[in-house]
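See below for the structure under consideration.
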Amino acid sequence: MNQREANTRLAFLRRAIDRHDRLYYVEARPEISDRAYDELYRELREIEAAFPDQVTPDSPTRRVAGQPLSSFASVRHLQPMMSLDNTYNLDELKEFDARVRKLLDGETPEYTLEPKIDGVSISVRYEHGHLAQGATRGDGVTGDDITANLKTIHAIPLKLSAAHPPALLEVRGEAFMMIAGFQALNEARRESGEEPFANPRNAAAGSLKQLDARVVAGRPLGALFYAVGAVEGLTFETQSGVLESFPGLGLPTHRWWWRCRDVEQVFQRIEELRTREHELPYEIDGAVVKVNRLDWWRRLGATAHAPRFAIAYKYSHEQASTVLRAITVQVGRTGTLTPVAELEPVLLAGSTISRATLHNEEEVRRKDIRVGDTVIIEKAGEVIPAVVGIVAEKRPSSTAPFDLHAHIGGCCPACGGPVARDPEFVAWRCENLGCPAQLKRRIQYFASRGAMDIEGLGESLADQLVERGLVHDVADLYALTAELLAGLERMGEKSAANVVAALAAHKTPELWRLLTGLGILHVGEGAARKLAAHFGSLDALAAATEAEFAETPDIGPTIACSLREFFDNPGNRAVLDKLRAHGVAPRAEAPARGGPLTGMTVVLTGTLTSLTRDAAKAALRQRGATVTDSVSRKTSLVIAGSDAGSKLEKARELGVKVLDEAGLNELLK
Ligand code: IVH
């Protein structure tokens, strides 16, 4: 291929890729398969590698480029990025409408109604049609320059598709994580022993905070736009005009939005959106009502913190309000410090709640939750209730913003050891490996169902064993006697004997169980199973080099390094020797080669009646299947019990084969 041919082909490939990005992200009607798209991309990369001086700055291959940053630069928004006032009921919405009409001297404005995306607010600036800068909202006046990170998001065009693009166009919108991508990401994190993200919003925020754009490129992020900031060379008269013009510019916008004649129509659309919420591939937390005419936006203006021309209507799930008495800080197995709300007990969805998770410091700050506040707690899909917001009017006079580091006096609340910040999670971590709180959770994890499966050894027993100094590492569990245990709280003679018997009965666990139970950083159940199948014995694992670990299928360099560090640590070696001395001798899992389901990836969802979910998983694995938690294109089969929800929907959407419980039993025969 000569230079001229290369140029022709390069131009063709870039146009084709831009077009398919637009069809996929903006118009939601892809014309080619992912595979065919990847082919185009690969060819472009190859030709660019052969003709490096022909690479253009907005070539699709430039989405991930440059070195990791040491910090983000600050940028001033050309126009401030405002936040919105919230309402939770239709009466407040009526009041909003009445206020608007009064300020407009009795005019009845038309409104738009849009979904309120639960993501991260972004602003993207196009100069003469080329993406010039991308920023976070920050304090509304200045934000972080996250251009490199936003460029990795394929939904955000590197150039506008207009023939005569405006000199300047600053567009505002939201970057978010798709629900399916979020589930897959968390599953992968769990498998590798990393902390899962609390929710898609958190995952999106954590991803955009990465200083290395290559990491961001691997995260399933999307984006859409709903407003214009500074603009030159183009005029917009209405919000509906803005939303209508975006697709033509190559900018993705809401899948649904409506023009409403009056507030009554707004109510109807809010209800419609609520019932169809689950059809959207991303999370929304309500709807946004905006006056349609933009000249009226200027007339209505803004208060100190929010515009008067728009308001957010938040959907409520099962909620209750109560007083936040205190915030305590829990220490996890790997040392992560999690703030927990200690509440005035309140009834929510049939149970009395006195504690709720606050996820992490950033969430507490973002919602400005303070001790003494009246808080709203909610039970969403998860079993653990969460604090979702506060009742601002009920805030007592002397409260202070939450500062985790100050709250714990700069040291681990359990052991007084040093703490350090984990940048991605905005989480603090206790750095003392001997921290008793970490040990408690490690003991509990060792005994848990997904690891050694020791019945009767749960949170409360693990706590007591560490507090009484009966256990200093997992090997000490095997020196426990029924007499020692019977002296503990909530431990009858019978249960004490049962725990000791359970420990003795599990001295020859499958290798992956012991390996998971050791709680090696980044080595969760998934990685442990693969390592066990590959190496066959604990001795072989302990003797393997980092390179040998890294050569194992699906084991990356992070896990390989962590394994080597673990086995090199004399303390860990001593624990392994002690386990051996107590007769703990794992057997390797017989690799399920040639099982009838080998090569199949199966997901279980809903409730099964004839067997437990764990039993079903074990039976499937025994026959060679890989069992995972979330549905993707790679899933071969979904087993749906009764009350199956989003996973079943996802399977149908992707055309994945679905079996009911009867079908499962048939399969297992
Ligand atoms: S309009 C002046 N529209 O919600 C108008 N915001 O609570 C400013 N958001 O910071 C925002 N979906 O990050 C608008 N359809 C939508 C939105 C939306 C989500 C976010 C946005 C904003 C926050 C305010």
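Small disclaimer: the values here were computed from a predicted structure and weren't measured. Counting starts at 1 for both ligands and their atoms, following the listed order.
Atom 21 (C) of ligand 1 has as its closest protein heavy atom Tyr226 OH, 3.0 Å. In terms of protein heavy atoms, atom 8 (C) of ligand 1 is closest to Met82 O, 3.6 Å. With respect to atom 3 (N) of ligand 1, the closest heavy atom belonging to the protein is Lys290 NZ, 2.9 Å. Closest to atom 13 (O) of ligand 1, if we only count protein heavy atoms, is Glu174 OE1, 2.7 Å. For atom 22 (C) of ligand 1, the nearest non-hydrogen atom of the protein is Ser121 OG, 4.1 Å.
A salt bridge is absent between Glu107 and Arg101; no separation between the charged side-chain nitrogens and carboxylate oxygens falls under 4.0 Å. A salt bridge is defined here as a Lys NZ or Arg NE, NH1 or NH2 lying under 4.0 Å from an Asp or Glu carboxylate O, and Arg125 with Glu127 meets this definition. Between Glu363 and Arg201, at least one side-chain N (NZ, or NE/NH1/NH2) sits under 4.0 Å from a carboxylate O, which counts as a salt bridge. Salt bridge absent: Glu279 and Arg255 never bring a charged side-chain N and a carboxylate O closer than 4.0 Å.
Ligand 1 lies less than 4.0 angstrom from a heavy atom belonging to Pro115. Residue contacts with ligand 1 include Pro307, since one of its heavy atoms falls under 4.0 Å from the ligand. Contact between Arg172 and ligand 1 is absent, with no heavy atom of the residue lying under 4.0 Å from the ligand. Using 4.0 Å as the threshold, Met81 has no heavy atom nearer than that to any atom of ligand 1.
Shown in contact with Glu114 at under 4.0 Å from a heavy atom are these atoms of ligand 1, numbered in order with element: 3 (N), 15 (N), 16 (C). Numbered from 1 in the order shown, with element, the atoms of ligand 1 that lie under 4.0 Å from a heavy atom of Leu84 read 5 (C), 6 (N), 7 (O), 24 (C). For ligand 1, the atoms closer than 4.0 angstrom to any heavy atom of His254 are 15 (N).
Between the side chain of Asp18 and the main chain of Arg15, no donor-acceptor pair closer than 3.5 Å is present.
Summarising the geometry, atom CZ belonging to Phe176 is positioned 11.5 Å from atom CD belonging to Glu283; distances are rounded to the nearest 0.5 Å. Taking CZ from Phe182 and CE from Met177, the interatomic distance works out to 8.0 Å, rounded to the nearest 0.5 Å.
The aromatic rings of His254 and Tyr226 sit parallel, their planes meeting at an angle under 30°, below the 60° perpendicular limit. Ring geometry for Tyr37 versus His154: interplanar angle over 60°, hence perpendicular rather than tilted (30 to 60°).
Of the N or O atoms in Ile117, one or more lie within a sub-3.5 Å distance of an N or O in ligand 1. Any N or O atom pair closer than 3.5 Å counts here, and Asn86 shares no such pair with ligand 1. Between Lys116 and ligand 1, an N or O atom pair is found at a separation short of 3.5 Å. Considering backbone and side-chain atoms alike, Val120 places every N or O at 3.5 Å or more from each N or O of ligand 1.
Taking a 6.0 Å sphere around NZ of Lys367, one finds it holds more than 12 heavy atoms contributed by other residues, nucleotides or ligands.
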